[in-house]
Amino acid sequence: MSNSVLAGRFGQFGGQFVPETLMNALVQLEQEYTKSWASKEFQQQYKYYLNQYSGRPTSLYFAENLTRIFGRAKIYLKREDLNHTGAHKINNVIGQVLLAKRMGKKRIIAETGAGQHGVATATVCAMFGFPCEVYMGAEDIERQSLNVFRMRLLGAKVHQVTSGTCTLKDATNEAIRDWVGNVEDTFYVIGSVVGPHPYPIMVRDFQRIIGDEARQQVLTAEGRLPDYLVACVGGGSNAMGLFYPFYQDTEVKFIGVEAAGLGLETAKHAATISRGSVGVIHGMLTYLLQDRDGQISPVHSISAGLDYPGVGPEHAFLHASKRAKYVAVTDQQALVALEQLCRIEGIIPALESAHALAYLDTLMPQTEAGEIVIVNLSGRGDKDVHTVAKALGGSV
Amino acid sequence: MKNKPILSRIDYRLTSLRQLKKKALITYITAGDPSLELTEQLVMTMEDAGADIVELGIPYSDPLADGPVIQRATRRALESGTNLDSVFATVSRIRSKTQIPLAFLVYYNPILQYGIPRFLRKCYQSGVDGLIIPDLPLEERTELRNILAEMQLPISLIPLVAPTSSQRVQSIVADASGFIYCISSMGVTGQRDNFPPELGDFLKNVKSNTQIPTAIGFGISSPNAVSKLKAHADGVIVGSAIIKVMEDVLNAQGQQEINKEVHAFVKQLAQAL
């Protein structure tokens, strides 16, 4: 589909910019992944755990109250927050850990930002009996203390990362360093559609279940395809998972919502596509936030899961080829959207997902009655209550 | 394009060492750690103490192939405001004083942002002889290699091979120049307590695939390690250990003391060769 010319590239984006020590492992991973993804047995196992363990399919919920407020297109929420562990992250982890098992790996490592990927990895490792170590930035450990406790409860070891900006980018560096030292017996479960090939393709395939289900569900409910898909984009796995199965349906518009932090005019945001330029980070050629010397810039978002200076290379491609549109909303707008969904739909969304919801203020007036918007509710917001309380001037 | 690489100062130095049946001592420091003024002095100091080739690390915000020691050096260098232009200026000053071969250890993104042709031209003009790019494996190096070949500059593109490279070695070394950087064992840069027993076989495999000199790096931290490993290759590379020596005197003492300590340490390494 959107893969072209070079293997592992989306247009010019993607690639494998990693130390030589890892190259053989990436080649093996690509082979094993390609073989497994095409195998019936693997597909059955993967679907079994998605359904029985994580509780899929997740519902496509018609948000009637939210729809009424705007009085335009119908709004549906793809309820990834209803997954076991509370976010879409587990879809990918189940796939990768099954691969690790097939490849005979002995140990699992992961990076995490908001902690959702870390919790999902700790969870699936507990079930399959893998020792699990998670790298997490010191700042994220602070703002996502609940998830840190959950990971430890699940038996994972959480490493505090104090290098660089102490967030997701640095946790990823540290996980890569661990992998470089232990590549033969260790499987690195990357949490988003980022990193060197084959990760962006593999993670997208493990997340496409979101879009596959949503497509089926909206056809059943409405008898037609939606007009807009809206999802938040940090690394971009929930968005890629929702968008990908609609790629050929060119009448369906894709909107990726990035984190504008304190505002795009400030230096404190994480709007990689909106404000970044092309470069290399974490093994991939993509858009990133950097200075003129090519040093990666410190970024900011109230949402730890979006606080990342790069973006998946396939999103870079969707942007460059104009198949998708990327916009940004601020911390403040996300907070307002979070509160609104709590009050009128009785759903506490994750701060990440609240970014997608916040864009409805801009999008909905441009829509018409009879149109359909699907918003990916990528995760639930229980993990964020401390951050939200603090931002609203109180405490839990 | 199949131009033969143009010989660099690195090729000449390693060829003459080979003729003398001598091994090469390759030392690494991070440019601008803690200042470019000191970097300039340290290159001269290390040459005087017996270094044959010097690697200068270009500080980068996200050095994912480096361990904690070089990460700290990198941070100090960035805090002192070091960037490619200021390093090129330093290299030019060094070149007015010495012909010691110099290689950059540089991550790919700074090169990409600088512009590949512009970067290579500046390397040549200031006197950089080789490039070691830890995040540019075989599969990704074509563009840079083609531009370099087209520009016909005497700059060696030094590839890294790892113990995990196995059947990849042949294609990696195929059009290399300068030397083959052999990673001693798995992991990032920095001290190791011991080296894997397969190291000898790994180096044999590399040497059976190329005539180009080999050098072992990553974790070589003492004269003792140098004498243990030297039989396996044409050279040894020491980096983090030198930075550790610097760090021990960095806060308390002045530049003179740093030069003195580094000189003494590099001299011990050279004597172990």
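Worth saying up front: this structure is predicted, and the values here are computed from it rather than measured.
None of B:Val188, B:Val69, B:Ile220 except one satisfies the side-chain contact (heavy atoms from CB on, under 4.5 Å) rule with B:Ser240; the exception is B:Val69.
Applying a 4.5 Å heavy-atom cutoff, the residues of residues 103-110 of chain B that approach chain A are B:Tyr108, B:Asn109, B:Pro110. Against chain A, the residues from residues 179-186 of chain B that qualify, each with a non-hydrogen atom under 4.5 angstrom away, are B:Ile183, B:Met186 in number order. For residues 131-139 of chain B, a heavy-atom distance under 4.5 Å to chain A picks out B:Pro134, B:Asp135, B:Leu136, B:Pro137, B:Glu139, given by residue number.
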message: Is there a salt bridge (charged side-chain N to carboxylate O under 4.0 Å, His left out) between B:Arg76 and B:Glu247? Walk through the geometry before answering.
response: CA-CA 11 Å; B:Arg76 288 190 295 267; B:Glu247 281 186 331; 2.9 Å; yes
- prompt: Where do A:Asp307 and A:Arg143 land on the salt bridge (charged side-chain N to carboxylate O under 4.0 Å, His left out) test, with the steps shown first?
  reply: CA-CA 12 Å; A:Asp307 202 347; A:Arg143 55 183 166 174; 2.6 Å; yes
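No more than 12 heavy atoms of other residues, nucleotides or ligands lie within 6.0 Å of CD in B:Gln170, so this atom counts as exposed by the packing criterion. No more than 12 heavy atoms of other residues, nucleotides or ligands shown are found within 6.0 angstrom of CD on A:Glu142.
For a residue to count as touching a neighbouring chain, one of its non-hydrogen atoms must lie under 4.5 Å from one of that chain's; by this rule A:Glu184 touches chain B with backbone and side chain alike. Both the backbone and the side chain of A:Ile296 have a heavy atom closer than 4.5 Å to some heavy atom of chain B. Contacts between B:Pro59 and chain A at a heavy-atom distance below 4.5 Å involve the backbone alone (N, CA, C, O). Neither the backbone nor the side chain of B:Ile111 comes within contact range of chain A; no heavy atoms are under 4.5 Å apart.
With a 4.5 Å cut-off on side-chain heavy atoms, A:Val194 and A:His282 do not count as touching. Counting heavy atoms from C-beta on, the side chains of B:Pro163 and B:Glu198 never come closer than 4.5 Å. Between A:Phe13 and A:Tyr287 there is a side-chain heavy-atom pair separated by less than 4.5 Å. Side chains of B:Arg141 and B:Pro159 form a contact here, defined as non-hydrogen atoms less than 4.5 Å apart.
For chain A, the option among B:Gln113, B:Arg75, B:Glu140, B:Gln167 with the highest count of heavy-atom pairs below 4.5 Å is B:Glu140. Interface summary for chain B: among A:Val280, A:Asn173, A:Asp291, the most heavy-atom pairs under 4.5 angstrom belong to A:Val280. Most heavy-atom pairs under 4.5 Å with chain B: of the set A:Thr172, A:Val180, A:Leu22, this distinction falls to A:Val180. Across A:Gln295, A:Lys169, A:Glu174, the residue that shares the most heavy-atom pairs under 4.5 angstrom with chain B is A:Gln295. In terms of heavy-atom pairs under 4.5 angstrom with chain B, the leader among A:Ile281, A:Ile176, A:Asp293, A:Leu285 is A:Asp293.
Between B:Lys207 and B:Asp234 there is no salt bridge, since none of the side-chain N atoms of the basic residue sits less than 4.0 Å from a carboxylate O of the acidic one. The existence of a salt bridge linking A:Glu20 and B:Arg168 is confirmed by a sub-4.0 Å separation between a basic side-chain nitrogen and an acidic carboxylate oxygen. A salt bridge does not link A:Glu32 to A:Lys105: none of the charged side-chain nitrogens sits closer than 4.0 Å to a carboxylate oxygen.
A donor-acceptor pair is defined here as one N or O able to donate and one able to accept, closer than 3.5 Å; no such pair exists between the side chain of B:Thr30 and the backbone of B:Asp33. No donor-acceptor pair under 3.5 Å is formed between the side chain of B:Ser165 and the backbone N or O of B:Val161. No donor-acceptor distance shorter than 3.5 angstrom exists from the side chain of A:Gln160 to the backbone of A:Met136, with no hydrogens or angles considered. A donor-acceptor contact shorter than 3.5 Å links the side chain of A:Asp170 to the backbone of A:Thr165.
In this view, A:Asp205 satisfies the salt bridge (charged side-chain N to carboxylate O under 4.0 Å, His left out) rule with no residue, not counting sequence neighbours.
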